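Since we're looking at a predicted model, the values are computed, not measured.
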Amino acid sequence: MRTRLDEALRPLNLTAPQCAVLSALEQEPGLSNAALARAAFVTPQSMQGILVNMEREGFITRSPDPNHGRILRSEITASGRKALTEAHTAILEVEAVAPSLMSEREMERLTKMLTRYAELLMGGESER
């Protein structure tokens, strides 16, 4: 799935972590490096490189936090919003492939397993 996603995003000059950053910034402008690293499931050190590249591409802008000068707050640009809109379309196309590769019964089983997994991660319990 990740390989197909990366292939679909490549023409947009985006990676999956960059797409996660844009999505996070669309929902909550001004997030810090650390918050964006958590959203993209990468280390803060890796996120620094991702943000530098995204700023160079014009997808985001960064400015110092007014209350804490060492923290840089990131915001999505118009170019970043356009790329994100195109990325959403590409992602939906990739996600649409999975159901066509499985039978209805397999999809039901997968859905149940993923639901159970999500519940366990959230600390809840469900019946098997």
Practice prompt. Kindly check if the number of other-residue, nucleotide or ligand heavy atoms within 6.0 Å of CZ (Arg4) is above 12?
Written response: no

Check for me, please, whether Val52 and Met47 land in the same ILVMFWY cluster - side-chain distances under 4.5 Å, paths through other members count. no

The reported gap from NE2 in His88 to SG in Cys19 (rounded to nearest 0.5 angstrom) is 6.5 Å

*Residues Asp6, Arg10: salt bridge by 4.0 Å N-O rule*: no

Does Leu101 reach the side chain of Glu106, with side-chain heavy atoms less than 4.5 Å apart?
-> no

Check your understanding: So do the side chains of Leu9 and Thr15 get within less than 4.5 Å of each other, counting heavy atoms only?
Key -> no

Rounded to the nearest 0.5 Å, the CG atom of Leu12 sits from the CG atom of Leu22 at a distance of 10.5 Å

Compare all side-chain heavy atoms of Ser63 with those of Leu72 and state whether any distance is below 4.5 angstrom. no

When rounded to the nearest 0.5 Å, the distance separating CG of Leu25 from CE of Met54 is 7.0 Å

Checklist entry - Transitively linked via ILVMFWY side-chain contacts under 4.5 Å: Met113 with Met102? => result yes

Quick one: does any side-chain atom of Ser32 pair with a main-chain N or O of Ile71 as donor and acceptor, under 3.5 Å?
no

- Query: Quick one: does Ser74's side chain have a donor or acceptor within less than 3.5 Å of a partner on Gly30's backbone?
  - Reply: no

Here the pair of heavy atoms bringing Ala16 nearest to Leu5 is CB-CD2, 4.0 Å

Rounding to 0.5 Å, atoms CG (Leu51) and CZ (Arg62) come to a distance of 5.0 Å

So CZ of Arg81 and CD1 of Ile60: to nearest 0.5 Å the spacing works out to 12.5 Å

Output for pair (Ile76 CD1, Phe59 CZ), nearest 0.5 Å, gives 9.5 Å

Exercise. Are Phe41 and Val21 co-members of a hydrophobic cluster defined by side-chain heavy atoms under 4.5 Å apart?
Worked result: no

Residues Ala24 and Leu36: closest non-hydrogen pair is CB-CD2, 4.0 Å

Minimal heavy-atom distance between Asn53 and Gln18, with the atoms involved, is CB-NE2, 4.1 Å

Review point. Does a salt bridge link Lys82 with Glu86, judged by any charged N lying under 4.0 Å from a carboxylate O?
Key: yes

